[in-house]
Number of protein chains: 2
Amino acid sequence: MKAKIGQAERWVFRPPGLAVVVELMRRPVLTEQERVEIHDSVQRCLTRYGQRYTDGRRAIIEVLLTLRRPVSITDIEDALPQLPRSSAYRHLADLQAASVVSRLAGTDDFARFELVEELTEHHHHLLCTYCGRVTDVVSPVELERTVTGYLKGLAKAEGFIAQSHRIDVFGLCSSCR
Amino acid sequence: MKAKIGQAERWVFRPPGLAVVVELMRRPVLTEQERVEIHDSVQRCLTRYGQRYTDGRRAIIEVLLTLRRPVSITDIEDALPQLPRSSAYRHLADLQAASVVSRLAGTDDFARFELVEELTEHHHHLLCTYCGRVTDVVSPVELERTVTGYLKGLAKAEGFIAQSHRIDVFGLCSSCR
DNA sequence: CTAGTAGTTTAGAATCATTCTCAGTCTCAT
DNA sequence: ATGAGACTGAGAATGATTCTAAACTACTAG
Ligand SMILES: [Mn+2]
Ligand SMILES: [Mn+2]
Ligand SMILES: [Zn+2]
Ligand SMILES: [Zn+2]
């Protein structure tokens with residue numbers, strides 16, 4: 001029912017009774033080349049905003065690149081124990097202002113932060129309703145196509161200007177099930 | 001391109017260049033009969049939980065039924081000026097515990113509350129990135145079918161037990177555009 | 001090299017949505 | 001009527017996040 005078809009993190013799943021083939025991928029690990037390119041992009045975004053790409057900011061971007069999922073303030077504290085909390089928050093605010101980082105609200109009281117999709121790729125989230133953990137997943141082209149058509153309709157019918165969308169799945173993560 | 005086909009709040013939209021016909025509806029206004037049935041259900045949920053359906057709780061449910069969108073604490077205060085804020089919050093917490101109300105985080109700092117989908121119907125949200133307003137929309141069957149297939153795949157492939165999903169659209173509402 | 005300007009860092013204080021406490025009130029079954 | 005348990009509301013407390021102010025650093029013009 002579940003068949004690994006490529007590297008360790010790609011599957012094709014055929015749900016019984018459904019014609020649709022659902023393809024699911026976790027976001028892939030970044031190559032060193034990609035990390036460098038992202039750092040360069042971050043550099044440019046900050047410069048355009050009149051800000052510098054300092055060590056503290058770079059350290060936070062590194063955490064985001066390494067964990068490959070939306071991180072909470074405690075994730076950052078764990079990874080960078082020497083970085084003061086107020087600095088972490090300010091860095092995150094600056095990076096958001098420079099359109100490098102986006103913030104998302106989950107199921108618990110803690111905000112999560114991730115790189116904007118312009119620097120990574122469009123994806124969605126699995127939210128654990130028990131521990132709050134957030135996991136990135138890339139959705140199949142078919143789903144994206146359907147959703148995109150849907151959003152076009154929304155924009156006109158509701159007098160609403162659609163900018164982006166999110167598809168989140170709530171449930172229990174593998175460690176909380 | 002946009003054709004009204006029924007009552008004031010239903011459209012069929014045919015996006016150019018897409019075969020998919022996207023149908024969009026706002027959640028319909030409730031009939032008096034439906035309001036009564038929902039109140040009865042709320043009554044049962046609370047009783048099952050060993051709680052009473054008091055005036056304060058009923059007033060909050062009325063606000064949810066009337067506004068037909070996720071409400072913030074200030075929406076409730078505006079509708080029920082005499083209800084103390086701490087009571088409103090406690091009522092909302094109790095109603096959540098009794099599985100009558102659910103909470104959602106939006107784009108601003110304020111939580112929103114709505115009736116659970118078991119008491120209303122499955123739907124999605126338009127979130128204004130400027131003023132934070134949340135609007136309910138019902139999505140087309142085709143989209144729901146595609147998403148459901150997708151979620152089934154997720155559950156297996158990630159070791160994640162999917163319980164529910166949300167599809168939210170971010171953008172500018174008609175008054176903020 | 002040297003001072004000026006402007007961005008950066010951080011400890012700690014402040015903010016404020018939300019939750020908690022507790023004393024008083026109400027309901028209902030006995 | 002009475003006791004147990006639920007309900008209410010004013011105010012205090014919590015805690016994630018933001019703000020402040022003072023010291024620091026990188027870059028640049030002279
Ligand atoms: Mn998508
Ligand atoms: Mn749906
Ligand atoms: Zn979990
Ligand atoms: Zn708006």
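Sequence lines set the chain letters: A, B, ... in the order given, protein chains first and strands last, and positions in each chain run from 1.
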To the nearest angstrom, how far is [X] atom [atom1] from [N] atom [atom2]?
X	N	atom1	atom2	value
Leu95(B)	dT18(C)	CG	C1'	16 Å
Leu92(A)	dT8(C)	CG	P	15 Å
Asp55(A)	dG7(C)	CG	P	19 Å
Tyr53(A)	dA26(D)	OH	P	17 Å
Gln51(B)	dC26(C)	CD	P	19 Å
Arg85(B)	dA17(C)	CZ	P	6 Å
Tyr89(B)	dA17(C)	OH	C1'	5 Å
Asp108(B)	dC16(C)	CG	P	14 Å

**Message:** Do Val36(A) and Glu32(A) make a side-chain contact, defined as non-hydrogen atoms from C-beta onward lying under 4.5 Å apart?
**Reply:**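 The answer is yes; the side chains approach within 4.5 Å.
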
**Asked** If you look at every strand shown and take non-hydrogen atoms under 4.0 Å, does Ala111(B) touch a base, only sugar-phosphate, or nothing?
**Response**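 It contacts sugar-phosphate atoms only.
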
**Message:** Ignoring hydrogens, what is the shortest heavy-atom contact between Pro70(B) and Asp136(B)? Give both atom names and the distance.
**Reply:**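 Looks like CD-OD1, 3.2 Å.
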
Between [options], which nucleotide gets closest to the side-chain atoms of [X]?
X	options	answer
Ser87(B)	dA17(C), dG7(C), dG9(D)	dG9(D)
Arg52(A)	dT17(D), dT25(D), dA6(D)	dT25(D)
Pro84(B)	dT8(C), dA10(D), dT18(C)	dA10(D)
Ser86(A)	dG9(D), dT17(D), dT10(C)	dT10(C)
Phe110(A)	dA16(D), dA6(D), dA10(D)	dA16(D)
Thr54(A)	dG12(C), dT8(C), dG9(D)	dT8(C)

**Request:** On DNA chain C, check which nucleotide each of Arg90(B) and Arg57(A) is closest to and give me the residue with the more 5' one.
**Result:**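 Closest to the 5' end, via its nearest nucleotide, is Arg57(A).
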
**Message:** Distance to the ring centre below 6.0 angstrom and angle to the axis at most 45 degrees; does that hold for Arg58(B) and Tyr53(B)?
**Reply:**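 Pair Arg58(B)/Tyr53(B) counts as cation-pi.
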
**Asked** If you measure only the distance, is there a donor-acceptor pair under 3.5 Å linking the side chains of Arg112(A) and Ser102(A)?
**Response**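 No donor-acceptor contact under 3.5 Å links the two side chains.
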
**Prompt:** Under 30°, 30 to 60°, or over 60°: which ring-plane class applies to Tyr150(B) and His124(A), parallel, tilted or perpendicular?
**Reply:**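 Judged by the thresholds at 30° and 60°, the geometry between Tyr150(B) and His124(A) is perpendicular.
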
**Prompt:** Can you check whether His91(B) has a side-chain N or O nearer than 4.0 Å to OP1 or OP2 of dT8(D)?
**Reply:**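 For His91(B), the contact criterion (side-chain N or O under 4.0 Å from OP1 or OP2 of dT8(D)) is met.
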
